[in-house]
Amino acid sequence: MDRIATTKLSSKGQVVIPEPIRRRLGLETGTEFVVLGEEGTVVLKVVDPPSMREFDGIVARAREDARRVGLRRSDIAAAIKAVRSA
């Protein structure tokens with residue numbers, strides 16, 4: 001019965017994940033989550049950072065896509081500057 005549990009929202013907006021569930025999922029202090037909310041449902045999804053190999057692949061694909069559409073480093077710098085000054 002470690003798959004279902006109840007918990008309450010604190011006055012600070014915090015929710016405690018019951019220990020049996022934390023233990024079963026291997027959740028530790030500092031684990032980060034994406035939180036989705038829709039029509040009375042809240043979903044917590046553990047954020048799993050990519051491995052360095054996966055990250056290298058992501059960067060390579062991003063560079064390839066940027067080259068394909070003609071994006072330059074100066075375009076990126078200008079976009080960052082515009083967002084930061086907004």
Side-chain angles (χ1 to χ4, degrees):
M1 192 59 148
D2 291 347
R3 297 179 58 88
I4 298 174
T6 61
T7 191
K8 292 183 180 181
L9 185 68
S10 76
S11 61
K12 294 182 178 183
Q14 298 168 324
V15 175
V16 173
I17 299 171
E19 184 180 2
I21 292 174
R22 290 194 318 263
R23 199 174 34 236
R24 185 169 58 82
L25 297 176
L27 303 176
E28 298 177 356
T29 300
T31 299
E32 292 188 40
F33 299 88
V34 172
V35 182
L36 306 167
E38 184 83 25
E39 298 180 14
T41 301
V42 176
V43 176
L44 299 175
K45 170 69 175 98
V46 174
V47 175
D48 292 319
S51 67
M52 284 308 295
R53 184 177 185 164
E54 291 169 321
F55 184 74
D56 288 343
I58 292 167
V59 170
R61 283 190 305 275
R63 285 183 176 152
E64 181 180 320
D65 291 345
R67 267 189 240 111
R68 187 171 31 81
V69 299
L71 192 63
R72 298 179 315 257
R73 285 182 188 236
S74 59
D75 298 327
I76 296 169
I80 291 170
K81 185 177 181 178
V83 168
R84 288 182 175 167
S85 65

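For reference, positions follow the sequence shown, starting with 1. For the numbers below, each heavy atom of this structure counts, side chains included, while hydrogens, waters and symmetry mates do not.
- Shown here is Arg24, whose CZ atom has more than 12 heavy atoms of other residues, nucleotides or ligands within 6.0 Å.
- Each of Val16 and Ile4 belongs to its own hydrophobic cluster when Ile, Leu, Val, Met, Phe, Trp and Tyr are linked at side-chain heavy-atom distances under 4.5 angstrom.
- Residues Leu9 and Ile21 do not share a hydrophobic cluster, defined by chaining ILVMFWY side chains whose heavy atoms lie under 4.5 Å apart.
- Proximity of a side-chain donor or acceptor of Arg22 to a complementary backbone N or O of Ile17 within less than 3.5 Å is detected.
- If you chain together hydrophobic residues whose side chains sit under 4.5 Å apart, Val43 and Val34 fall into the same group.
- Leu27 is connected to Leu44 through a chain of hydrophobic side-chain contacts under 4.5 Å among Ile, Leu, Val, Met, Phe, Trp and Tyr, so both are in one cluster.
- Residues passing the salt bridge (Lys or Arg N to Asp or Glu O under 4.0 Å) test with Glu54, sequence neighbours excluded: none.
- With salt bridges taken as basic N to acidic carboxylate O contacts below 4.0 Å, none links Arg53 and Asp56.
- Rounding to the nearest 0.5 angstrom, the gap separating the CG atom in Asp75 from the CD1 atom in Ile80 is 11.0 Å.
- Under the side chain to side chain donor-acceptor pair (under 3.5 Å) criterion, Arg67 pairs with no residue, sequence neighbours left out.
- Atom CZ of Phe55 has 12 or fewer neighbouring heavy atoms from other residues, nucleotides or ligands inside a 6.0 Å radius.
- Rounded to the nearest 0.5 angstrom, Thr7 OG1 and Gln14 CD are separated by 11.0 Å.
- Inter-residue side-chain proximity for Val46 and Thr31 is flagged as met; some heavy-atom pair is nearer than 4.5 Å.
- Atom CG in Leu71 sits 4.5 Å away from atom CD1 in Ile76 (nearest 0.5 Å).
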